[in-house]
Amino acid sequence: MVFWKRLFTADPVAPPQDPQFGGEAVELFSNGSGEARLFFSTERDLDLYELEELCDAVGWARRPIRKVKKAIECSFLVVTLWEVRGKRRRLVGFARATSDHAFNATVWDVVVHPNQQSKGLGKALMEYTIRKLRSADISNITLFADPHVVDFYRRLGFVLDPEGIKGMFWYPD
Ligand SMILES: CC(C)(COP(=O)(O)OP(=O)(O)OC[C@H]1O[C@@H](n2cnc3c(N)ncnc32)[C@H](O)[C@@H]1OP(=O)(O)O)[C@@H](O)C(=O)NCCC(=O)NCCS
């Protein structure tokens, strides 16, 4: 297993820049030899086919690219996680949030590539997303958890059915 060294703890939202990224880029981990580094970015201009490949890798149903494009454009926050080796970068994680820009945000499409799972990256991705939303003074953060990841979110402080509140869905017939 690759050894990843955590590079930040104190102020992960500080904006050190990497020329390969637009938006804010924050270096998260580097492996022992320094050959590979991991970056978070809030850049939205990503290759949607690369995102589709990432979603394919975890077995998600395909969605029309034009709708994914619109969803990303209309999201309040988009967080991507990149593995960088030399000049090459590869998308290995993604999350986004929609929001009313004042009180509420909902997190969607949280994913880490299977080759990079179980190394703490999903947790780091969610913690970064939460920090960014909190820095925008948003206090009510919600999400819809697939049954097999409820405990993953619970460990991050998410509460199931707080005060008995139930999520409800309406679907067309
Ligand atoms: C869910 C997902 C993002 C987790 O990413 P990850 O990088 O493997 O998770 P981490 O290594 O950061 O795990 C953080 C902690 O959560 C735990 N955890 C990870 N996946 C879990 C799961 N499915 N159920 C319960 N706990 C889980 C880990 O054991 C770890 O615990 P620890 O802090 O006590 O060591 C990743 O498995 C994934 O992309 N899955 C496919 C897509 C998906 O289902 N997304 C969620 C849609 S709602």
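Note that ligands are numbered from 1 as they come in the structure, with each ligand's atoms numbered from 1 the same way.
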Check: Counting each atom of ligand 1 from 1 as listed, which ones have a heavy atom of Asp151 under 4.0 Å away?
Finding: 25 (C)
Item checked: Residue pairs passing the salt bridge (Lys or Arg N to Asp or Glu O under 4.0 Å) test where at least one lies in residues 140-149, sequence neighbours excluded -> none
Next item on the list: Give the minimum heavy-atom separation between Leu143 and Met126, together with the two atoms involved.
Entry: CD2-CE, 4.0 Å
Check: Are any of the side-chain nitrogens in Glu52 or Arg62 under 4.0 Å away from the carboxylate oxygens of its partner?
Finding: yes
Next item on the list: May I ask which of Gly120, Gly122, Ala124, Ser118 has a heavy atom nearer to atom 8 (O) of ligand 1 than the others do?
Entry: Ser118
Note to self: Do Pro114 and Val58 have side chains that approach each other closer than 4.5 Å (heavy atoms only, starting at C-beta)?
What the structure shows: yes
Note to self: Is the distance from the ring center of Phe152 to that of Phe158 below 6.0 Å?
What the structure shows: no
Checklist line | Closest non-hydrogen atom pair, Val68 against Arg63 | finding: CG2-CB, 3.9 Å
Note to self: Can you report which non-hydrogen protein atom sits closest to atom 33 (O) of ligand 1, along with the distance?
What the structure shows: Lys123 NZ, 3.9 Å
Next item on the list: Starting from atom 45 (N) of ligand 1, find the nearest protein heavy-atom neighbour and note its residue, name and distance.
Entry: Val110 O, 2.8 Å
Notebook entry, point to check: Which heavy atom of the protein is the closest neighbour of atom 47 (C) of ligand 1, given with residue, atom name and distance?
Noted result: Asp146 OD2, 3.8 Å
Next item on the list: State which residues pass side chain to side chain contact (heavy atoms under 4.5 Å, CB included) with Thr142; sequence neighbours excluded, sorted by chain then number.
Entry: Thr106, Asn140
Next item on the list: Name the closest protein heavy atom to atom 39 (O) of ligand 1, giving the residue it belongs to and the distance to 0.1 Å.
Entry: Val112 N, 2.8 Å
Next item on the list: Do me a favour and list the nearest non-hydrogen protein atom to atom 15 (C) of ligand 1 with residue, atom name and distance?
Entry: Arg155 CD, 4.1 Å
Check: Between His148 and ligand 1, which residue portion shows a heavy-atom distance shorter than 4.0 Å: side chain, backbone, both, or neither?
Finding: both
Margin query: Counting only heavy atoms closer than 4.0 Å, does ligand 1 sit against the backbone of Phe94, its side chain, both, or neither?
Written below: neither
Checklist line | atom 4 (C) of ligand 1 touched by protein heavy atom at under 4.0 Å | finding: yes
Next item on the list: Write down the atom of Ser75, the atom of Arg96, and the distance for their closest heavy-atom approach.
Entry: OG-NH1, 2.9 Å
Checklist line | Residue Val111 vicinity, atoms of ligand 1 by number, heavy atom under 4.0 Å | finding: 39 (O)
Checklist line | Heavy-atom nearest neighbour of atom 18 (N) of ligand 1 within options Trp108, Phe152, Tyr153, Phe144 | finding: Phe152
Notebook entry, point to check: In the protein, what heavy atom is nearest to atom 38 (C) of ligand 1, and what distance, to one decimal place, separates them?
Noted result: Gln117 NE2, 3.3 Å
Notebook entry, point to check: Among protein heavy atoms, which sits nearest to atom 1 (C) of ligand 1, and what does the distance come to when rounded to 0.1 Å?
Noted result: Val149 CG1, 3.6 Å
Margin query: Between Thr80 and Ser41 (side chain of the first, backbone of the second, donor and acceptor by atom type, cut-off under 3.5 Å), is there such a pair?
Written below: yes
Margin query: Does only the side chain of Trp60 get under 4.0 Å from ligand 1, or the backbone, or both, or neither? Count heavy atoms.
Written below: side chain
Check: Any side-chain donor paired with an acceptor under 3.5 Å for Trp108 and Thr98?
Finding: yes
